[in-house]
Amino acid sequence: MNNDIKQALLQGEYLPFLESAILNNGNQARIAKVLKKAQNGEDITIVTLGGSITSGAWATCEENRYATRISNWFKEKFPNITVNFQNAGISATPSIIGVHRVAEQVLSYDPDFVTVDFEANDTANDEKFKMPYENLIRRILMHKTNPAVLSVVFGSVSKEHKRNENALSLHLPTIKHYDIPAIDYFGALWEYIDSGVIAWSDVAADTVHPNDNGHLMSASCITNYLNSVLENLDNIDTENYSVPNDFVFGNDAFMNANFLKADKYTPALLENFEIDNLHADKGDRIMGWSCDEKGGTIVFAVKNVNNVSIFIQKTPGNSVADIYINNELILSDESGEAPSDKVVRFCHSEFLKSSQDVVVKIVAKGKYGVGPLGVSFA
């Protein structure tokens with residue numbers, strides 16, 4: 001019996017599992033509106049936003065990625081329209097990076113439906129991820145196309161394959177407040193892992209990333225939910241949703257956040273720093289600057305901003321740097337060293353009481369990488 005359940009699970013066909021993954025049914029008006037738009041023969045645009053799992057890490061080919069499978073579900077259900085699909089997954093990016101790249105990599109496509117995956121990459125129990133995640137969800141919901149938003153939940157395990165906490169507890173208040181659908185693939189797994197029906201190694205390639213089975217199962221959780229909306233389409237009022245006026249965490253600091261990237265922005269000073277493709281995965285989308293072992297200074301002078309967010313490159317052999325905002329030393333000997341990766345990491349956010357001009361200076365004492373500056377203009 002257990003073997004039959006295991007095979008059904010791995011094939012994405014075990015209905016009790018698919019149903020248990022529905023964390024929040026949410027308000028279905030916007031998803032119903034997308035589906036009716038497709039039924040009426042109008043083209044639609046799907047965007048998947050997240051980290052390396054969304055990017056497709058450890059899937060053996062593009063067609064096996066969970067994000068591609070979602071896109072293909074729409075194509076199979078509505079073969080007479082064009083389903084435009086953009087995968088905005090970039091490895092090691094938490095929601096605080098996502099909220100800075102959402103304008104260029106999601107909203108610029110005028111999406112109809114967006115999935116968001118940051119529970120695995122946001123640090124569990126770290127309060128600083130509450131506000132950017134909420135601002136991210138709110139920005140997508142408030143876009144002119146009124147897109148539907150669905151949260152998809154992944155997570156990680158220890159080396160012994162024991163369940164780790166993810167950031168769901170931080171994000172759940174936002175999910176509930178905005179009443180967006182949420183699919184907790186990671187949470188639904190554990191009934192079957194704990195009972196011995198499947199092992200973590202059956203669905204994952206390492207401690208975080210799904211293998212082909214995991215990509216199929218997570219996609220099936222989402223498409224099962226979409227099928228349920230499709231089957232009940234005539235009973236759903238597509239206009240029955242409005243974005244709440246209030247914020248859960250009381251701040252709109254990231255509502256206009258964007259990146260000043262090296263391919264489009266020139267800092268006020270580049271002393272032994274030059275443009276570099278910092279990010280190991282799709283790095284041309286997060287361009288920054290780096291200096292060699294001699295060290296160097298980079299200065300950003302930005303006018304009329306509500307806040308600035310500083311990102312640095314974490315890579316083996318990086319040195320340290322002093323970081324100043326308006327001539328005040330905010331971080332001393334900030335390390336850029338990492339065990340093995342080469343990714344852009346969040347470093348510091350400065351929330352301003354009123355919009356003002358800001359000067360950010362980073363003085364590197366050796367080899368160092370500086371990510372694009374995050375800014376939210378007034």
Worksheet item: Does any pair with a residue in residues 363-378 pass side chain to side chain donor-acceptor pair (under 3.5 Å), and if so which ones, sequence neighbours excluded?
Response: D322-K365, D333-K365

Item to complete: May I have all residue pairs that pass ring-ring contact (aromatic ring centres under 6.0 Å, His included) and include part of residues 29-56, sequence neighbours excluded?
Response: none

Tabulate below the donor-acceptor pairs under 3.5 Å that side-chain atoms of residues 287-302 make, not counting sequence neighbours, or state none.
{"from": "S290", "atom 1": "OG", "to": "D276", "atom 2": "OD2", "distance (Å)": "2.9"}
{"from": "D292", "atom 1": "OD1", "to": "N272", "atom 2": "ND2", "distance (Å)": "2.9"}
{"from": "D292", "atom 1": "OD1", "to": "K294", "atom 2": "N", "distance (Å)": "3.0"}

Item to complete: Output all residues satisfying side chain to side chain donor-acceptor pair (under 3.5 Å) with K314, sequence neighbours left out; order by chain, then residue number.
Response: none

Worksheet, complete the sentence: Those residues at least two apart in sequence (or on a different chain) that pass side chain to side chain donor-acceptor pair (under 3.5 Å) with N72 are E63

Practice prompt. List in chain and number order the residues that pass side chain to side chain contact (heavy atoms under 4.5 Å, CB included) with L216, two or more places apart in sequence or in another chain; answer none if no residue qualifies.
Written response: R69, S220

Using distance only, find each side-chain donor-acceptor pair of residues 324-331 under 3.5 Å and give its atom names and separation, not counting sequence neighbours.
{"from": "N326", "atom 1": "OD1", "to": "V359", "atom 2": "N", "distance (Å)": "2.8"}

Discussion item. Suppose we screen for side chain to side chain donor-acceptor pair (under 3.5 Å). Which residues come up paired with E62, at least two apart in sequence or across chains?
Written reply: none

Discussion item. The criterion is salt bridge (Lys or Arg N to Asp or Glu O under 4.0 Å); which residues satisfy it with K303, sequence neighbours excluded?
Written reply: D357

Counting only pairs under 3.5 Å, give me each side-chain donor-acceptor contact of residues 132-144, with atom names and distances, residues two or more places apart or in other chains.
{"from": "Y133", "atom 1": "OH", "to": "S151", "atom 2": "OG", "distance (Å)": "3.4"}
{"from": "E134", "atom 1": "OE1", "to": "V248", "atom 2": "N", "distance (Å)": "3.3"}
{"from": "E134", "atom 1": "OE1", "to": "F249", "atom 2": "N", "distance (Å)": "2.9"}
{"from": "E134", "atom 1": "OE2", "to": "Y178", "atom 2": "OH", "distance (Å)": "2.6"}
{"from": "E134", "atom 1": "OE2", "to": "V248", "atom 2": "N", "distance (Å)": "2.6"}
{"from": "N135", "atom 1": "OD1", "to": "A253", "atom 2": "N", "distance (Å)": "3.4"}
{"from": "N135", "atom 1": "OD1", "to": "F254", "atom 2": "N", "distance (Å)": "2.6"}
{"from": "N135", "atom 1": "OD1", "to": "M255", "atom 2": "N", "distance (Å)": "3.3"}
{"from": "N135", "atom 1": "ND2", "to": "M131", "atom 2": "O", "distance (Å)": "3.3"}
{"from": "N135", "atom 1": "ND2", "to": "N251", "atom 2": "O", "distance (Å)": "3.1"}
{"from": "R138", "atom 1": "NH1", "to": "Y178", "atom 2": "OH", "distance (Å)": "2.9"}
{"from": "R138", "atom 1": "NH1", "to": "P244", "atom 2": "O", "distance (Å)": "3.0"}
{"from": "R138", "atom 1": "NH1", "to": "D246", "atom 2": "O", "distance (Å)": "3.3"}
{"from": "R138", "atom 1": "NH2", "to": "P244", "atom 2": "O", "distance (Å)": "2.9"}
{"from": "R138", "atom 1": "NH2", "to": "N245", "atom 2": "O", "distance (Å)": "3.1"}
{"from": "R139", "atom 1": "NE", "to": "M255", "atom 2": "O", "distance (Å)": "3.0"}
{"from": "R139", "atom 1": "NH1", "to": "V99", "atom 2": "O", "distance (Å)": "2.8"}
{"from": "R139", "atom 1": "NH1", "to": "F254", "atom 2": "O", "distance (Å)": "3.2"}
{"from": "R139", "atom 1": "NH1", "to": "A257", "atom 2": "O", "distance (Å)": "2.8"}
{"from": "R139", "atom 1": "NH2", "to": "A257", "atom 2": "O", "distance (Å)": "3.2"}
{"from": "H143", "atom 1": "NE2", "to": "L107", "atom 2": "O", "distance (Å)": "3.3"}
{"from": "H143", "atom 1": "NE2", "to": "D110", "atom 2": "OD1", "distance (Å)": "2.8"}

Worksheet item: Which pairs with one or both residues in residues 71-92 pass ring-ring contact (aromatic ring centres under 6.0 Å, His included), sequence neighbours excluded?
Response: F74-F113

Worksheet item: In chain order, what residues pass the side chain to side chain donor-acceptor pair (under 3.5 Å) check against T93, with sequence neighbours excluded?
Response: R101

